[in-house]
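See below for the structure under consideration.
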Amino acid sequence: MMMVIAGLERPSSGRVVVAGTDLVGLNEDALATFRRQNVGIVFQAFHLIPTMTALENVAVPLELAGRRDAMAEARRQLAAVGLSERMLHYPGQLSGGEQQRVALARAFAGSPRLLLADEPTGNLDQATGRAVIDLLFELHDRSDATLVLITHDPALAARCDRTVRVEDGRLAEVQAVEAVLP
């Protein structure tokens with residue numbers, strides 16, 4: 001489902017409308033442009049480029065978008081996730097938690113309208129996972145992005161404003177979390 005929402009895979013039928021754009025009618029180039037302008041993705045497996053530093057990994061999508069301030073923005077995003085001192089390290093020199101924080105910085109760097117996070121703690125130990133999730137929600141709160149968080153963890157899902165449960169490829173339940181006012 002996440003891959004279809006991101007325009008990385010085509011649906012077998014129906015329409016996919018994201019940020020007012022019907023993705024089904026777009027060709028591959030238009031989909032790539034749409035993603036670059038609207039979507040940030042945090043994968044479970046980080047998907048960092050191993051031959052590039054953390055700084056370069058965050059700057060790449062910004063450079064592809066033609067941003068003249070790509071390196072400065074990448075530095076700012078890495079500082080926001082607490083990696084100012086690790087910017088010039090390669091993914092293989094970073095812990096799993098640090099790699100996921102680089103992935104968060106990269107996902108938020110383009111100021112996406114939609115942020116997709118696919119089991120962002122799946123490759124992390126419990127303590128590191130909690131820290132990464134806290135950071136994800138903190139970054140989300142500071143952004144204007146809609147966060148779609150894919151998880152099997154009911155406690156993590158409970159932190160979201162709305163949950164949608166999918167079973168066997170079909171919508172099983174939609175639940176809005178009621179706000180508790182002080």
Side-chain angles (χ1 to χ4, degrees), residues 1-49 57-67 73-74 77 80-81 96 99-124 129 132-177 179:
M1 182 171 72
M2 184 192 91
M3 300 295 275
V4 171
I5 293 170
L8 292 168
E9 289 185 11
R10 301 271 185 186
S12 54
S13 64
R15 295 177 55 214
V16 179
V17 179
V18 178
T21 301
D22 187 349
L23 302 185
V24 174
L26 300 180
N27 65 28
E28 290 303 318
D29 288 343
L31 282 169
T33 299
F34 174 82
R35 280 191 299 275
R36 184 180 68 228
Q37 294 172 344
N38 295 284
V39 182
I41 304 174
V42 179
F43 294 99
Q44 177 178 347
F46 319 133
H47 291 291
L48 300 178
I49 302 166
N57 265 281
V58 176
V60 163
L62 299 170
E63 290 171 336
L64 291 173
R67 298 260 311 254
E73 180 61 19
Q77 291 297 329
V81 298
Q99 290 182 57
Q100 194 61 301
R101 287 189 283 155
V102 172
L104 285 174
R106 180 184 58 198
F108 278 99
S111 301
R113 295 172 68 184
L114 174 64
L115 181 73
L116 301 169
D118 182 19
E119 292 286 358
T121 60
N123 286 338
L124 305 174
V132 165
I133 286 300
D134 288 345
L135 180 59
L136 171 65
F137 279 98
E138 179 185 323
L139 292 169
H140 170 256
D141 288 344
R142 286 192 246 153
S143 77
D144 290 328
T146 295
L147 172 62
V148 176
L149 176 65
I150 294 96
T151 184
H152 290 94
D153 180 352
L156 179 53
R159 290 185 66 173
C160 298
D161 296 332
R162 181 178 182 197
T163 59
V164 175
R165 193 165 48 87
V166 177
E167 289 180 1
D168 299 323
R170 299 208 180 275
L171 186 65
E173 178 183 8
V174 176
Q175 182 179 24
V177 177

Residue pair F108, L136: steps toward the side chain to side chain contact (heavy atoms under 4.5 Å, CB included) verdict
CA-CA 10 Å; F108 278 99; L136 171 65; 4.0 Å; yes
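- For the residue pair L62 and A109, the shortest heavy atom distance occurs at CD2-O, 3.6 Å.
- Residues E63 and R67 are not paired through a salt bridge, judged by the lack of any N-O separation under 4.0 Å between the basic side chain and the carboxylate.
- Paired with L149 under the rule side chain to side chain contact (heavy atoms under 4.5 Å, CB included), one option of V42, L156, D118 passes, and it is L156.
- Of the possible donor and acceptor atoms, none in the side chain of Q100 sits under 3.5 Å from a partner among the backbone N and O of L124.
- The shortest distance between side-chain heavy atoms of M2 and F43 falls below 4.5 Å.
- Taking CZ of F34 as the reference point, atom CG of D29 lies at 15.0 Å (rounded to 0.5 Å).
- Few gaps surround CG on D141; more than 12 heavy atoms of other groups in view lie less than 6.0 Å from it.
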Do V102 and V81 pass the side chain to side chain contact (heavy atoms under 4.5 Å, CB included) test, and can you show the C-alpha distance, the side-chain angles, and the key distance before you say yes or no?
CA-CA 8 Å; V102 172; V81 298; over 6 Å; no
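- In plain terms, the two heavy atoms of T121 and I133 that are nearest each other are CG2-CG1, 3.2 Å.
- Residues N27 and L31 form no side-chain contact, since every pair of their non-hydrogen atoms from C-beta on lies 4.5 Å or further apart.
- To the nearest 0.5 Å, atoms CG (N123) and CD (Q99) are separated by 9.5 Å.
- For the pair P11/V24, a side-chain contact is recorded, criterion being any heavy-atom separation below 4.5 Å from C-beta on.
- No side-chain heavy atom of T33 sits under 4.5 Å from any side-chain heavy atom of L26.
- Listed here is the closest heavy atom pair of A80 and L135: O-CD1, 4.0 Å.
- The minimum heavy-atom distance linking R15 with D22 is given by the pair NE-OD2, 3.2 Å.
- T151 places a side-chain N or O within 3.5 Å of a backbone atom of D153 that can act as its donor or acceptor partner.
- Taking the charged nitrogens against the carboxylate oxygens, D134 and R159 do have a contact shorter than 4.0 Å, which makes a salt bridge.
- A donor-acceptor pair is defined here as one N or O able to donate and one able to accept, closer than 3.5 Å; no such pair exists between the side chain of H140 and the backbone of T146.
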Apply the test side chain to side chain contact (heavy atoms under 4.5 Å, CB included) to residues I41 and L8: give CA-CA distance (whole Å), side-chain angles for both, the deciding distance (0.1 Å), then the verdict.
CA-CA 11 Å; I41 304 174; L8 292 168; 3.9 Å; yes
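- Considering only heavy atoms from C-beta on, E119 comes within 4.5 Å of H152 through its side chain.
- Across L115 and A107, no two heavy atoms sit closer than the pair CD1-CB, 3.5 Å.
- In this structure, R113 contributes its side chain and A145 its backbone to no donor-acceptor pair below 3.5 Å.
- One finds the CZ atom of R10 at 13.0 Å from the CE atom of M3 (value rounded to the nearest 0.5 Å).
- Rounded to the nearest 0.5 angstrom, N38 CG and T21 OG1 are separated by 6.5 Å.
- By the side chain to side chain contact (heavy atoms under 4.5 Å, CB included) test, A32 pairs with R35, sequence neighbours left out.
- The structure places CZ of R101 at 15.0 Å from CZ of R106, a figure rounded to the nearest 0.5 Å.
- By the 4.5 Å heavy-atom criterion applied to side chains, F137 and C160 are counted as neighbours.
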